[in-house]
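Below, chains carry the letters A, B, ... as their sequence lines are ordered, and counting in each starts from 1.
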2 protein chains.
Amino acid sequence: MTRAAEPVPTDAERCAEPGPAHDSDDLIELLFFAYRDFVGDPDRILAEYGFGRAHHRVLHFVDRYPGLTIAELLDILRITKQSLNRVLKDLIDQGYVEQRTGTSDRRQRLLFCTPTGRSLTADLTRVQVRRVARAIEEPAAEAGRSDRAARIASAQGFLLAMIEPGDRAAVRRLMARRAGARA
Amino acid sequence: MTRAAEPVPTDAERCAEPGPAHDSDDLIELLFFAYRDFVGDPDRILAEYGFGRAHHRVLHFVDRYPGLTIAELLDILRITKQSLNRVLKDLIDQGYVEQRTGTSDRRQRLLFCTPTGRSLTADLTRVQVRRVARAIEEPAAEAGRSDRAARIASAQGFLLAMIEPGDRAAVRRLMARRAGARA
DNA sequence: CCAGATAAGTCAGTGTTGTTGACATATCTC
DNA sequence: GAGATATGTCAACAACACTGACTTATCTGG
């Protein structure tokens, strides 16, 4: 596996294969695992309400940025109006989100969470904050020599710490399987 | 972007912990944006082949860990056998992945990428490596005072740098909207 | 060697979340 | 008033996940 083009190739590490390409490969994989567990937590809560991830995303952004417009939300989520409308309709009909006509532009519908919506969002945020906070508290692997090595160690440390603790050993073991082939 | 953590939350619910709640909130949001753009790159390539993200995940892990069994893959992806089988069948039928009967245990089907599969995976990996490598090259906000602050800055810096460059300003602007209400 | 466990494959049905394309309505701007 | 814009809605469809049930091949322990 040849090294991918780098923005700033450092001369010193030309020959050494355990270069940035492999570090990036590891980060790609860790990002998958981290995100998998990151969305897994709230999914369990959402299921009790008959909601899914799409509902969660809307709740999150409307809660955090009260008065968001439909257009802004569409730009954030990068989904179509129809996809948004389906879940938004659920949330409005069931009293988690409410719309108010814009004051300066009466075509706009400003979105707000109701107290119920804020409460549910808080529950969802809680479990995610717990995971992220724990990942931050985790001491990074070690502050490496160069800033670059430190950044890699830091990002890997954060993502690994985002993984469900009980699964980390399995992930380490899996990734070690490949590490042997390149050292 | 790395706002000073204000350890004086006015919200009723959040106060017990030493202040990382808001930093975690930001990280939660950045993780959403980072992942959104992270999977966006390969999605465009996959569409040309009539494949989706599920195919990508299988290709990635089979390419990286040749000889993976079905059971191992199921444990990694955390999906059901049926979901895996649907995409795996596509990949096998179209010659991207092949199965070999296990030697020690003939019930197992060991998975390998064909040269074609390795080639496609390399294309997919390339665009993701590019993004991750760029995110790593990006100098972190600054090495903070405490290790903890440094870890936060580092994680935020990495995730922000994972976002499509042209969209970073919009994300900063959006998140600044909330920051104002906090500080 | 056989019974039961295990690895994998498959069928049928369902739900969430995304897509496209077309069209309707209210409102703003020039 | 004309045209752009913000939103809402209908219908159809695809990707990807789920459950539950069942089959086949193979391994393992008594």
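The CG atom of B:Leu74 sits 12 Å away from the P atom of D:dA17 (whole-angstrom rounding). Between B:Asn85 atom CG and D:dC18 atom P the separation is 13 Å, expressed in whole Å. Atom CD1 in B:Ile79 sits roughly 15 Å away from atom P in D:dA15 (whole-Å rounding). One atom, CD of B:Gln99, and another, P of C:dA7, lie 16 Å apart when rounded to the nearest Å. Spacing between atom OH of B:Tyr49 and atom P of D:dA15 amounts to 17 Å, rounded to whole angstrom units. Going from atom CG of B:Leu84 over to atom C1' of D:dC18 covers 14 Å, rounded to whole Å. As a whole-Å value, the separation of B:Asp90 CG from D:dA14 P is 14 Å. Residue A:Leu110 contributes atom CG, which lies 15 Å from atom C1' of C:dA26 at whole-angstrom precision.
Ionic pairing of B:Arg131 and B:Glu164 is present here: one or more N-O contacts between side-chain nitrogen and carboxylate oxygen are shorter than 4.0 angstrom. At a threshold of 4.0 Å, the pair A:Arg130-A:Asp41 does not count as salt-bridged, since none of the basic side-chain nitrogens sits closer than that to a carboxylate oxygen. We find that B:Asp43 and B:Arg36 are not joined by a salt bridge, their nearest charged nitrogen and carboxylate oxygen being 4.0 Å or further apart. For A:Arg168 and A:Asp37, the salt-bridge test fails: no basic side-chain N is under 4.0 Å from an acidic carboxylate O.
Each of A:Arg53 and B:Ile70 lies near DNA chain C, and the nucleotide nearest B:Ile70 is the one positioned closer to the 5' end.
Scored by the salt bridge (Lys or Arg N to Asp or Glu O under 4.0 Å) test, A:Arg106 finds no partners at all (sequence neighbours excluded). Applying the ring pair (Phe, Tyr, Trp, His ring centres under 6.0 Å) rule to B:Phe33 yields the partners A:Phe61; only residues at least two apart in sequence or on another chain are considered. In this view, A:Phe158 satisfies the ring pair (Phe, Tyr, Trp, His ring centres under 6.0 Å) rule with no residue, not counting sequence neighbours.
For residues 81-122 of chain B, every residue pair satisfying the ring-ring contact (aromatic ring centres under 6.0 Å, His included) rule, not counting sequence neighbours, is listed here: B:Phe51-B:Tyr96.
Formation of a donor-acceptor pair under 3.5 Å by the B:Glu98 side chain with backbone atoms of B:Leu111 is not found in this model.
OP1 or OP2 of D:dC18 has at least one side-chain nitrogen or oxygen of B:Thr80 nearer than 4.0 Å. The phosphate of C:dT16 (OP1 or OP2) has no side-chain N or O of A:His55 nearer than 4.0 angstrom.
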(request) Between protein and nucleotides 22-30 of chain D, map the contacts as a letter string: B base, S sugar-phosphate only, - none, heavy atoms under 4.0 Å, written 5' to 3'. (result) ---BBS---
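Each end of the helix from C:dC1-D:dG30 to C:dC30-D:dG1 gets its own axis, taken as the rotation carrying the C1' atoms of four end pairs onto the next four within a five-pair window, and the two axes meet at 30° to the nearest 10 degrees.
You'll find a donor-acceptor pair under 3.5 Å spanning the side chain of B:Gln82 and the base of D:dG20, going by distance alone. Between the side chain of B:Arg86 and the base of D:dA17 there is at least one donor-acceptor pair of N/O atoms closer than 3.5 Å.
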